[in-house]
Structure formats: structure tokens, C-alpha cells
2 protein chains.
Amino acid sequence: MHALPAPYLLFLGDVTEPGFAKTAFGLRDWAGDRCIGEHALPNASVTTGLERLTPAEAAARGARAMVIGVANQGGVIPPGWMPELLAAIEAGLDLVAGMHRRLGEIDALREAAARHGVRLHDLRVPPADLPIATGRKRSGRRLLTVGTDCALGKKYTALAIARGLAARGVDAMFRASGQTGIMIAGQGIAIDAVIADFAAGAAELLSPDAAPEHLDVIEGQGSLFHPAYAAVSLALLHGSQPDAFVVCHQPGRQGILGTPGYPVPPIEAVIEQTVLVGRLTNPAIRCVGISLNTGGMTEQEAARVIADTGAQLGLPAADPIRGGEAFERLLDACQG
Amino acid sequence: MHALPAPYLLFLGDVTEPGFAKTAFGLRDWAGDRCIGEHALPNASVTTGLERLTPAEAAARGARAMVIGVANQGGVIPPGWMPELLAAIEAGLDLVAGMHRRLGEIDALREAAARHGVRLHDLRVPPADLPIATGRKRSGRRLLTVGTDCALGKKYTALAIARGLAARGVDAMFRASGQTGIMIAGQGIAIDAVIADFAAGAAELLSPDAAPEHLDVIEGQGSLFHPAYAAVSLALLHGSQPDAFVVCHQPGRQGILGTPGYPVPPIEAVIEQTVLVGRLTNPAIRCVGISLNTGGMTEQEAARVIADTGAQLGLPAADPIRGGEAFERLLDACQG
């Protein structure tokens with residue numbers, strides 16, 4: 001399992017488009033206590049609002065890693081970033097990244113890291129020596145977020161449920177299965193980057209045996225109805241052996257992302273299929289609620305679609321970003 | 001996709017246990033026209049019956065690769081094999097292996113291969129630049145073997161169906177998804193060794209667009225009911241988008257291999273689940289027959305279980321190893 005040193009300095013590069021800084025915003029919002037400040041090039045126009053610090057200043061205040069909090073086209077590292085990455089290494093900070101281009105494959109970074117005794121964390125590189133899944137029933141409780149498609153709120157929903165339950169005093173913990181989630185949690189495994197044979201085994205490792213009342217809230221990936229990623233979703237479902245799951249959906253989305261000809265399935269179909277295949281490793285698996293991504297709707301529209309969906313399915317439905325009573329009822333159901 | 005040069009010289013090492021030479025026997029039986037002879041250490045006591053040739057003799061007769069046709073405990077390369085592997089390289093032969101220990105990670109082999117201009121083929125290393133699956137419907141026809149468990153005849157069944165149909169004049173081709181299958185076919189991708197995100201994409205690559213009447217007979221992997229490998233099976237199912245599938249089963253096997261507490265599912269359950277999840281990428285998917293592994297049974301017992309299974313499910317059932325009329329009826333159904 002990846003384990004990251006904190007606190008972080010968030011690196012924003014030369015970003016001018018807020019959408020490319022989603023990782024940095026996610027870290028500010030969900031791991032504020034792990035973030036000590038931000039560092040950006042002079043021509044960056046996006047800010048997280050955190051204090052601007054150089055790598056040396058951040059290190060002096062206790063930072064232990066600089067996290068690349070921006071994505072850019074192609075997942076490469078622009079030449080203009082290199083002096084800043086090297087300055088962070090020289091200040092004694094580890095580097096953390098989730099890009100396609102691996103930090104460890106760039107000679108200058110690898111050599112500098114070796115010289116200064118810091119580590120390069122490439123979150124797309126799966127940990128070595130992952131086990132084959134055993135299917136053994138583990139102690140403790142587990143909840144998984146699943147989706148009608150990719151990229152519609154599975155990570156956000158898991159974070160909101162874990163935070164909401166923890167605020168109620170429940171022993172609940174967010175478990176990260178993707179890169180940004182790992183940065184937020186400080187640990188985890190990017191399931192989609194694991195060799196297929198070991199993917200379910202990696203998911204087992206992600207939520208180990210725990211106290212009977214402990215609840216792991218596991219970040220889902222992909223969708224059982226996505227023709228490219230269903231296998232990743234299934235490995236995570238089987239290895240997580242969840243007692244409960246929440247279906248995440250974006251009302252109005254018509255087609256599965258990136259695959260023309262594949263409609264987004266009805267929520268009912270996702271519930272049915274998740275129970276059908278998930279019961280292999282947990283016969284008691286059940287759906288406890290629906291998380292709706294109502295971004296772009298008016299307050300009134302959102303309230304109506306949330307109420308309609310809940311009534312139609314006979315399950316608590318909420319948009320965790322909007323919160324409110326609907327979300328409290330979803331938390332009740334997750335608390336179990 | 002891996003593509004291997006032929007013909008092969010089969011390397012048997014120092015094997016004294018026929019069970020460890022399954023790969024060599026499989027190559028002799030299913031790719032006899034690609035095998036030019038065998039090479040073994042003096043203390044080996046197992047033979048394929050092919051002519052014994054040194055690497056130099058085999059090369060002189062046109063061999064282009066030496067295939068490691070034995071497995072040994074732990075998948076390592078014993079020191080005693082090294083002189084023979086180096087002799088093959090010096091004779092200008094490529095080396096082919098499917099072991100955990102990669103040929104390309106052994107300095108002496110890598111250096112010798114570079115010096116003599118030959119290649120080391122590690123079939124557990126997935127090809128680079130695999131695509132993400134698109135789910136696009138491809139031309140031609142496809143049949144996939146699936147299983148109630150691992151290691152009960154999915155490769156053998158696919159080979160027997162492809163050979164049987166080809167003998168009838170059908171434009172049928174075996175497609176290999178595992179290491180031994182790749183050696184037999186001379187090409188393929190070991191799906192279980194692919195990064196999870198790309199596994200369905202690799203399966204799409206494995207059976208490309210083809211003429212309308214062409215039939216790819218695709219080697220299945222794992223089982224949708226195996227808690228460790230179901231994701232591999234699902235990726236192969238989705239990427240293969242089969243029109244037809246044959247369920248492989250071993251009568252009498254009680255538990256899923258290596259996972260205590262997991263019973264082998266009924267054949268009916270495998271049919272139902274395969275249709276349910278497989279229809280995502282091919283709504284017309286259907287089961288066309290059952291392949292039974294009746295090894296160890298008397299002729300009479302086997303005939304009874306084959307007849308009973310076929311009658312019970314209303315589908316052609318056969319043991320391809322026993323062949324006979326039952327297998328001809330299974331081929332009729334596969335011919336479509």
C-alpha cells in the first residue's frame with residue numbers, strides 16, 4: 001500500500017484553468033490538515049487560497065512532501081516545472097504525483113532524490129508483492145461507492161460519508177482506491193494500475209480486518225456497465241466484500257463516458273447487478289442509498305430529482321455536496 | 001500482441017515428472033507443425049517423443065526459437081539450465097518462456113541475446129501500448145470458453161473446437177489468452193498479466209475485425225465465480241464480445257481451487273451470469289454447449305454424466321478429449 005509523508009506543500013505549476021487544479025482543490029477541501037501551503041510559478045493564475053510558500057519555507061515549517069496538484073494535457077511534466085521540483089527535493093521534500101509520466105523515470109529527479117535522501121511517489125505504480133485474493137471473510141464493516149458511470153462522484157461521496165459518520169462519532173475511515181484519494185487519505189492503492197490477476201487481492205489489502213463496529217468507506221472505481229473498466233469495478237467489489245453500497249449517479253447523463261453507443265444504465269440495473277455479482281464474496285451485500293450529482297441544477301430542480309429518485313427506489317437519496325436533511329438520512333442508512 | 005518465431009525446439013530441462021512438462025506436451029499435441037525437436041539435460045527422464053536435437057542442430061534445420069516447455073517449483077530458472085539457454089542464444093535461437101522469473105531480468109541472458117541479435121520472449125510481460133477498450137462492435141464471429149472454475153479445460157476446449165471446425169472447412173481460429181496458448185498459437189496476449197485498466201482493451205485486440213463468416217475461438221481465463229480472478233474473466237468476456245460461449249466444467253469438483261469456502265457453482269449459474277454480464281458488449285450472447293472434463297472416469301461413467309448433463313440443460317455436452325458423436329454435436333452448435 002502506498003503511504004505518503006505529510007504535511008504537504010501543494011504544487012500548482014503554471015495552471016491558469018481551475019479545472020486542471022482539481023487535485024489541489026480536493027486536497028484543500030478534504031485533507032486541509034495535511035496541507036501547509038501552496039507553491040506556484042509566477043504565471044499561474046489559480047490559487048487554493050492557502051499560504052504561498054517556497055519549498056524551503058514549507059520544509060522549515062515541517063512540510064515533508066510536495067504534491068503535484070495539477071493535471072495537464074498528456075500527463076507530462078513541462079520543462080518549466082523542473083527547477084521547482086528540484087528545489088523541493090533539495091529542500092528535503094518527497095515528491096508525490098499521479099501522472100502517466102512517472103517521476104522515477106526522469107533521470108534528473110531520480111538522481112537528485114537519491115542525493116538528498118528523499119522519495120519519489122508515483123501513485124500509478126502499484127505496490128510490489130500484492131497478494132492473490134483469498135475471498136476470506138474479514139472482520140469489521142465495509143461500505144463501497146459504486147457508479148452508473150465513471151467520473152460522477154464516487155470519491156466525493158465516499159469522503160462525505162466517512163466525514164459525516166466520523167462527525168457522528170462512528171469509527172468510520174475513508175479508503176482510497178485512486179490517485180487523488182490516496183493523496184487525500186495519505187495511503188491507498190490505485191486499483192486500476194494493478195495487474196489484473198492481483199486487482200482483487202489489492203482490494204482485500206485496502207480494507208483489512210478491523211474491530212467489529214469499524215466501518216471502512218471505500219472509494220469505488222468505474223462502473224460494472226462500462227465496457228472498458230467493468231473489470232476494475234468487479235475486482236474492487238469482490239475484494240472489498242462490502243456489507244453495503246451506495247450507487248452514485250448523475251441525473252441527465254445519457255451516455256457512458258468515452259464509449260459511444262453505451263447508454264448510462266438505470267440505477268435499478270446497477271443495484272441488481274452489484275448485488276448479483278457482489279454476493280459472491282459477501283452474501284449479505286445490500287444497497288443502502290443513492291448519491292446524486294446535481295451540479296448545474298437549481299436548488300429546486302435538485303430537491304425534486306432527489307425526492308423523486310428516493311421515492312421511486314424506496315431508498316434514501318441525497319447530493320452530498322448539497323447536504324441537508326436528505327444527506328443526514330443517507331448517513332443514517334450508511335451508519336447501519 | 002506477442003508474436004513468436006517458429007519452428008520451436010522444446011526445452012525440457014532436467015524434468016523427471018511428466019506433470020511439469022505439460023507445456024511441452026501441449027505444444028507437441030496442438031502445435032506439432034511448429035515443433036522441430038526437443039532438447040533436454042542428460043538427467044531428464046521425460047520425453048515428448050520428438051527427435052532430440054542440440055540447439056545448433058535445431059538451428060541448422062530451421063528452428064527459430066527454443067521454448068521452455070517445463071514448469072518447476074517457484075517458476076525460477078535453475079543454474080543447471082543456463083549453459084543450455086546460452087547455447088541456444090549462441091545458435092541464433094530466440095528464447096520463449098512463461099515463468100514468473102523473467103528471462104529479460106537475467107543479465108547473462110540479456111547480454112548474450114543483445115550480442116547475438118536474438119530476442120527473449122517473456123509471455124508474462126504484457127505488450128506495451130495496449131489500448132483502453134472502446135466497446136465497439138467488431139465484424140466476424142466469436143466464441144469464448146468460460147468455466148465453473150480455473151484449470152479444468154478452457155484452453156483444451158477452445159483448441160479442440162477450433163481444430164474440429166477447421167477440419168470441417170470452417171474459417172475458425174484459436175485465439176490465445178494465456179502463456180501456453182500463446183506458445184501453441186504463436187501469438188496472443190496473457191490477459192491476466194495486463195494492468196486492470198487495459199485488460200478489456202487487450203481482449204479487444206486479441207480478436208480483431210474479421211470476415212463475416214470467420215470464427216475466433218477464444219481461450220477463456222478463470223471464472224466469474226472465482227473471488228480472485230473474476231475480474232480477469234470479466235475483462236476477457238467484455239473485450240471478446242462473444243456471440244457464443246461454451247461452459248467448461250469438471251464433474252465432481254467441489255470447491256473453487258485455492259479458495260476454501262467457495263463451492264464450484266452449478267453450470268446453470270455460470271450460464272445465467274455470463275449472459276447477464278456479457279450482454280453489455282454483445283446483447284445476442286448465448287450459451288451453445290457444455291464441455292466436461294471427465295478425466296479419471298470410466299468410459300461408461302463419462303458417457304452417463306455427459307448424457308445427463310446435456311439432457312438436464314437442454315444443450316449439447318461433450319468431453320472434447322473423448323470426442324465421439326457427442327463432440328460432433330457440440331461442434332454443430334459451435335458452427336452456428
Side-chain angles (χ1 to χ4, degrees), chain A residues 124-126 130-137 150 177-178 189-204 221-239 241 255-263 265 269 272-273 276-282, chain B residues 124-126 130-137 150 177-178 189-204 221-239 241 255-263 265 269 272-273 276-282:
Chain A
R124 277 181 189 265
V125 180
L130 288 171
I132 297 286
T134 65
R136 181 183 64 80
K137 176 77 180 146
C150 297
S177 64
I189 304 174
I191 295 289
D192 61 2
V194 172
I195 297 285
D197 242 4
F198 299 94
E204 290 189 348
Q221 294 292 333
S223 166
L224 288 175
F225 288 83
H226 195 298
Y229 305 125
V232 174
S233 306
L234 183 62
L236 189 54
L237 177 58
H238 279 167
Q241 51 182 233
I256 292 277
L257 282 185
T259 55
Y262 286 83
E272 191 185 347
Q273 191 119 317
L276 199 81
V277 298
R279 67 186 180 196
L280 178 71
T281 58
N282 190 340
Chain B
R124 277 183 188 265
V125 180
L130 289 171
I132 296 287
T134 66
R136 180 183 65 81
K137 176 78 180 144
C150 297
S177 63
I189 304 173
I191 296 289
D192 60 1
V194 172
I195 297 286
D197 242 4
F198 299 95
E204 290 189 347
Q221 294 292 333
S223 166
L224 288 176
F225 288 83
H226 196 297
Y229 305 126
V232 175
S233 307
L234 182 63
L236 189 54
L237 177 58
H238 279 167
Q241 51 181 230
I256 293 277
L257 281 184
T259 55
Y262 285 83
E272 192 184 347
Q273 191 120 319
L276 199 81
V277 298
R279 67 186 178 195
L280 178 70
T281 58
N282 190 339

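Proteins get letters first, then strands, A, B, ... in listed order; numbering begins at 1 in each. Fair warning: this is a prediction, and the values are worked out from it, not measured in the lab.
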Cut-off 4.5 Å, heavy atoms of chain A, and the answer for I191(B) is backbone

Turns out that what part of T134(B) lies under 4.5 Å from chain A's heavy atoms comes down to backbone

Correct closest heavy-atom pair for I132(B) and A228(A) would be CG2-CB, 3.7 Å

Applying side chain to side chain contact (heavy atoms under 4.5 Å, CB included) to Q273(A) and not counting sequence neighbours gives L224(A), F225(A), L276(B), V277(B)

Given A200(B), A133(B), A196(B), A199(B), the one with more heavy-atom pairs under 4.5 angstrom with chain A than any other is A196(B)

Pair count under 4.5 Å, heavy atoms only, with chain A: among P265(B), A230(B), S233(B), highest is A230(B)

For H238(B) and P227(A), the nearest pair of non-hydrogen atoms, with its separation, is CB-O, 4.1 Å

I want to check something: taking the side chain as every heavy atom from C-beta on, are I195(B) and I195(A) in contact at a cut-off of under 4.5 Å? yes

Is Y229(A) reaching over with its side chain to a backbone N or O of D197(B), donor-acceptor style, under 3.5 angstrom?
no

dist T259(A):OG1 -> R136(B):CZ (nearest 0.5 Å) comes out at 13.5 Å

